[in-house]
Structures are given as structure tokens and as C-alpha cells.
Amino acid sequence: MLGMFAVSKAGHDKGRMYLVIRDEGDAVYLADGKIRTLENPKRKKKKHLQVIKRDIDQVLMQKLINEQKLYNEEIKHAIKIRANKEVTYVEG
């Protein structure tokens, strides 16, 4: 799941899109670059997430896998682009 986008299905953050930055058993750590930064990721159980398996950001995924420096701005930008694609799919 590392590097994939996920949408929260439960909790006060229901509907919010995140990037999976760490995978630990039945839970993952999520960041959105704004409220949940890389320094303060959200821990959430996998069963409370809808993982988006298409349109994975390969650059972010490779940075996470290779443990390279990742910035909150990169995550915000990737989520913004991904959210715009969702709107296009729904409308078109």
C-alpha cells in the first residue's frame, strides 16, 4: 500500500484523501501535507480506508520505497491533482 492514495471511510475525517506513507500490519500512517504532515501522520486501520489503486504517483512511491526526502508540498500537490482527476471522472 505504500505510496498509494486512500480515502477515509470512517471517523471525523471521512471522505478526506491521504497518501500512505508507512504500512504496519493492520494499520497505516497517512499524510495529506496540510493537516496531517509527514512529521505528524495519522494512524488509521486499513479497514477504515478505501485504497485507490489507479493513478498511483510513481515519483512519490519511489521516494518512499527508497527512503528519500519527501516534502509536504509534494504530497499536497499530488493529492490536488488526484482530486481533480476524480472530479473529471465523475463529470465525464
Side-chain angles (χ1 to χ4, degrees):
M1 290 181 72
L2 188 66
M4 292 184 173
F5 294 106
V7 177
S8 174
K9 296 192 305 185
H12 72 281
D13 62 342
K14 184 177 180 179
R16 182 175 283 274
M17 187 179 292
Y18 295 99
L19 179 73
V20 177
I21 61 168
R22 193 167 62 214
D23 194 341
E24 290 185 355
D26 67 338
V28 293
Y29 286 85
L30 309 165
D32 67 1
K34 292 186 230 177
I35 297 169
R36 289 299 182 164
T37 61
L38 290 165
E39 298 78 28
N40 185 29
K42 177 162 188 65
R43 183 179 188 276
K44 197 154 186 96
K45 290 186 178 184
K46 290 179 182 178
K47 68 181 182 179
H48 295 147
L49 293 172
Q50 175 66 49
V51 177
I52 302 169
K53 295 185 179 179
R54 65 174 195 264
D55 299 330
I56 297 169
D57 191 310
Q58 296 296 329
V59 175
L60 293 180
M61 181 181 281
Q62 287 303 315
K63 281 188 170 190
L64 288 167
I65 291 170
N66 296 329
E67 297 180 5
Q68 295 175 335
K69 180 69 175 165
L70 187 63
Y71 298 96
N72 289 312
E73 288 296 321
E74 291 175 298
I75 296 172
K76 281 195 294 190
H77 182 70
I79 289 174
K80 183 176 179 181
I81 290 171
R82 181 70 180 96
N84 287 339
K85 285 183 180 181
E86 282 293 310
V87 171
T88 304
Y89 290 138
V90 172
E91 291 176 352

**Study point:** Minimum-distance pair of heavy atoms, taken over all atoms of I21 and P41
**Key:** CD1-CB, 3.7 Å
Point to revise | Residues, nucleotides or ligands: over 12 heavy atoms within 6.0 Å of E67 CD | key: no
Review point. Roughly how far apart are Q50 CD and K53 NZ, rounded to 0.5 Å?
Key: 9.0 Å
Point to revise | Joint cluster assignment, L70 & L2, ILVMFWY side-chain distance < 4.5 Å | key: yes
Review point. Tell me, do Y18 and V28 make a side-chain contact under 4.5 Å, heavy atoms counted?
Key: no
Review point. Can you name the residues that form a salt bridge (charged side-chain N to carboxylate O under 4.0 Å, His left out) with K45, not counting sequence neighbours?
Key: none
**Study point:** Atom pair NE2 (H77) and NZ (K80), whose distance is rounded to the nearest 0.5 Å
**Key:** 8.0 Å
Practice item. With rounding to the nearest 0.5 Å, note down the distance linking CG in L60 to CD in E74. Key: 6.0 Å
Point to revise | Spacing of CG belonging to L38 relative to CD belonging to E73, to within rounding of 0.5 Å | key: 11.0 Å
Practice item. Starting from the C-alpha separation in whole Å, work towards a yes-or-no answer on side chain to side chain contact (heavy atoms under 4.5 Å, CB included) for V7 and M17. Key: CA-CA 4 Å; V7 177; M17 187 179 292; 4.3 Å; yes
Check your understanding: Can you check salt bridge (charged side-chain N to carboxylate O under 4.0 Å, His left out) on R82 and D57, steps first, answer last?
Key -> CA-CA 9 Å; R82 181 70 180 96; D57 191 310; over 6 Å; no
**Study point:** Shortest non-hydrogen contact between I75 and G33, atoms and distance
**Key:** CG2-N, 3.9 Å
Practice item. Following the transitive rule for hydrophobic clusters with a side-chain heavy-atom cut-off under 4.5 Å over Ile, Leu, Val, Met, Phe, Trp and Tyr, establish whether F5 and V59 coincide in one cluster. Key: no
Exercise for review: Examine L64 and V51 and state if one hydrophobic cluster contains both, with Ile, Leu, Val, Met, Phe, Trp and Tyr joined whenever side-chain heavy atoms are less than 4.5 Å apart.
Suggested key: yes
Check your understanding: Got a second to check how far R36's CZ is from L19's CG, nearest 0.5 Å?
Key -> 15.0 Å
Review point. Going through the distances and angles, do K42 and D32 end up as a side chain to side chain contact (heavy atoms under 4.5 Å, CB included)?
Key: CA-CA 9 Å; K42 177 162 188 65; D32 67 1; over 6 Å; no
Review point. When rounded to the nearest 0.5 angstrom, what distance separates CZ in R16 from NZ in K44?
Key: 11.0 Å
Exercise for review: Look at the side-chain heavy atoms of Ile, Leu, Val, Met, Phe, Trp and Tyr, link any pair under 4.5 Å apart, and say whether M1 and I79 land in one connected group.
Suggested key: yes
Review point. Taking side chain as C-beta onward, heavy atoms only, is L30 less than 4.5 Å from L49?
Key: yes
Review point. Ignoring hydrogens and geometry, is there a side-chain-to-backbone donor-acceptor pair from N66 to Q68 under 3.5 Å?
Key: no
